[in-house]
Amino acid sequence: MNDDFLTPPPPSRTAKKRAVKAVEELAATLLKMADADYRRLPLSGEIARELAQGRTIKSHGARKRQLKHLAGLLRRDDESREAAEIFVADLDQSRRQNTADFHHLETLRDRLCDPARCAEALAEIEQTLPEVDAGKIRRLAESVQNTADKRAFREIFRMLRTSQAAQDD
């Protein structure tokens, strides 16, 4: 039998270029990462040293060279690259979740401030956020509905966000 059909073809030049570009983008993301996230990054050894050095470089040309060097190191060390990819993906996922939660609270607040949808929004709040003071939320919503009180509008959001944060902990 011929084994040529069993072995997969080698990757095309375009696929190789795409892979190189993806690793360079990962390296750029690691260099631009916020300090708090950088400290939690699960890298060690030469890659961690080169990354730390790259974060201190201000010159555009030198930073670009360091980026290419860091990308080369990541391409050679599959384990570190995969750990960094997982870490960055988890960060992105948590940011997307935080943004979705934020938008949900904004929508809930807007529904509270709409007289036609206020009752259903209050019922949802009582079900999903039982520790929030429903009476105070109702009074603030009425204040927004009757007088367009911006302070009350912001206070509703603060109360919802605080309640959700307490529930998540």
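Every heavy atom of this structure was used, including side-chain atoms; hydrogens, water molecules and symmetry mates were not. Numbers here simply count residues along the sequence, with the first being 1.
Annotation: the span from Cys113 atom SG to Leu108 atom CG amounts to 10.0 Å, rounded to 0.5 Å. Summarising the geometry, atom NZ belonging to Lys150 is positioned 15.5 Å from atom CD belonging to Glu155; distances are rounded to the nearest 0.5 Å. To the nearest 0.5 Å, the span separating CD on Glu46 from CG on Leu70 amounts to 10.0 Å. The NZ atom of Lys64 sits 9.0 Å away from atom CD of Glu24, with the distance rounded to the nearest 0.5 Å. The distance from the NZ atom of Lys68 to the CZ atom of Arg65 is 12.5 Å, given to the nearest 0.5 Å. Of the inter-residue distances, the one linking Arg75 atom CZ with Arg81 atom CZ reads 9.5 Å to the nearest 0.5 angstrom.
At least one donor-acceptor pair under 3.5 Å links the side chain of Gln66 to the backbone N or O of Glu50. With hydrogens and angles disregarded, a donor-acceptor distance shorter than 3.5 Å links the side chain of Thr147 to the backbone of Ser143. Formation of a donor-acceptor pair under 3.5 Å by the Ser163 side chain with backbone atoms of Leu160 is not found in this model. Judged by distance alone, the side chain of Gln145 and the main-chain N or O of Leu112 form a donor-acceptor pair under 3.5 Å.
Leu51 places a side-chain heavy atom less than 4.5 Å from the side chain of Tyr38. Under the 4.5 Å side-chain criterion, counting only non-hydrogen atoms from C-beta, Lys21 is in contact with Glu25. Considering only heavy atoms from C-beta on, Met33 comes within 4.5 Å of Leu91 through its side chain. Contact of the Glu124 side chain with the Glu120 side chain is not registered, since no non-hydrogen atoms from C-beta on lie closer than 4.5 Å. Leu140 places a side-chain heavy atom less than 4.5 Å from the side chain of Met159. Counting heavy atoms from C-beta on, the side chains of Arg55 and Asp35 come closer than 4.5 Å. Residues Arg63 and Leu67 are not in side-chain contact: their nearest non-hydrogen atoms beyond the backbone lie 4.5 Å or more apart.
The pair Arg138-Glu142 does not meet the salt-bridge criterion, since no charged nitrogen lies less than 4.0 angstrom from a carboxylate oxygen. Checked for salt-bridge contact, Asp37 and Arg95 meet the test: a charged N lies under 4.0 Å from a carboxylate O. Of the charged side-chain nitrogens involved, none lies within less than 4.0 Å of a carboxylate oxygen, so that Arg111 and Asp114 do not count as a salt-bridged pair.
Counting heavy atoms of neighbouring residues, nucleotides and ligands inside a 6.0 Å radius, atom CD of Glu131 exceeds 12 of them. At most 12 heavy atoms of other shown residues, nucleotides or ligands fall within 6.0 angstrom of atom CZ in Arg13.
Stacking of Arg161 on the aromatic ring of Phe102 is not recorded, the 6.0 Å distance cut-off and the 45° axial limit not both being met.
Contact detail for Ser80 and Leu43: the closest heavy-atom pair is O-CD2, 3.5 Å. Closest approach of Ala141 to Cys118, counting heavy atoms only: CB-SG, 4.3 Å.
When only modelled atom types and interatomic distance are considered, His103 and Glu106 share a side-chain donor-acceptor pair under 3.5 Å.
By the rule that hydrophobic residues join a cluster once side-chain heavy atoms approach within less than 4.5 Å of another member, Leu31 and Ile57 end up as members of separate clusters.
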